[in-house]
Amino acid sequence: MTASAVEDLIDRLHEEATQDRPTAETPDVGIVMGSDSDLETMMTGGKRRGAYDAFVEELGFAEQTDFESPPDERFTFETYVTSAHRTPDLMTAYAETAEERGLEVIIAGAGGKSADLPNMTASIAYPLPVIGVPVQEKSVDSVIGMPTGAPLVAVDAGKSFNAALSAAQILARQHDAVRDRLVAYHEDLRAGVGDVSRDLHDRGTPAFRDREE
């Protein structure tokens, strides 16, 4: 990211914060990460499904890429790279303007032993809720190590899918449509376990294993 790109993004964020657009037209969730190398964990998850999968495939959200031209879907999220160490000014601008830009919750992920983005974003965006995602196991202590009085909710390492569900739970307190989608998703999980349990019992272990293979 060039210096001019950073400055452009900072100016853009502040300009968007002055627009006072209807909440139905602004992103509901902001997803930020310390590096694009975190993208697989934060969004698609690789072998483990990520936040993008949860929002788009399970909950019917859409990614909003143009603040002034929202997609048709009512509930949306946006994505940015805002490194706490390399672009602290961009991270600060994002966190400072998040609430004014209409965001209701932020998901922030970072890796390494010094995974400061979730913590710093939560401190600056307060009282907007922030859900931290440690991208790696070694990032857990850094992400969850907030002092008393500086809250940050966090999920386990790499589990951005759960972070998306938690963000949706926050939205569901005000939006019945999101609540209904969460309930439907949970019911699908419940039904899936029931189908597997019945099949395992009725077929027996050898036949069940053969089916799985």
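Computation of the quantities below employed the complete heavy-atom set of this structure, encompassing side-chain atoms and omitting hydrogens, waters and symmetry-equivalent molecules.
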Side chain to side chain contact (heavy atoms under 4.5 Å, CB included) partner of V105, chosen from D28, L128, I170: I170
Min side-chain heavy-atom separation I106-I131 under 4.5 Å: no
Hydrophobic cluster identity match, V6 and V32, side-chain contacts under 4.5 Å: yes
Residues, nucleotides or ligands: over 12 heavy atoms within 6.0 Å of H14 NE2: yes
Sidechain-backbone polar pair: E104 side chain, T23 backbone, donor-acceptor under 3.5 Å: no
Heavy-atom side-chain proximity of R101 to T26 below 4.5 angstrom: no
CZ (R74) with more than 12 external heavy atoms under 6.0 Å: yes
D66 atom CG: more than 12 heavy-atom contacts under 6.0 Å: yes
Under 3.5 Å side-chain donor-acceptor pair for E99 and Y126: no
Heavy-atom neighbours of Y52 OH exceed 12 at 6.0 Å: no
All ring pair (Phe, Tyr, Trp, His ring centres under 6.0 Å) counterparts of H175, not counting sequence neighbours: F75
Contacts of type side-chain contact (heavy atoms from CB on, under 4.5 Å), residue S142, not counting sequence neighbours: A115, D116
Validation row: L90, L13 side chains within 4.5 angstrom (heavy atoms): yes
Whether D195 side chain and G192 backbone form a donor-acceptor pair below 3.5 Å: no
Side-chain ion pair, E68 and R21, N-O less than 4.0 Å: no
Within-4.5 Å side-chain heavy-atom neighbours: V153 and S166: no
4.5 Å side-chain heavy-atom contact, Y94 and L9: no
Heavy atoms of other groups near Y185 OH, more than 12 under 6.0 Å: yes
side-chain hydrogen bond (donor to acceptor under 3.5 Å, both in side chains) assessment of E63 paired with T79: CA-CA 8 Å; E63 185 172 11; T79 54; 2.8 Å; yes
Student check: side-chain heavy atoms of F61 and R181 closer than 4.5 Å: yes
Side-chain heavy-atom pair D199, R211 within 4.5 angstrom cut-off: yes
Sidechain-backbone polar pair: S160 side chain, A51 backbone, donor-acceptor under 3.5 Å: yes
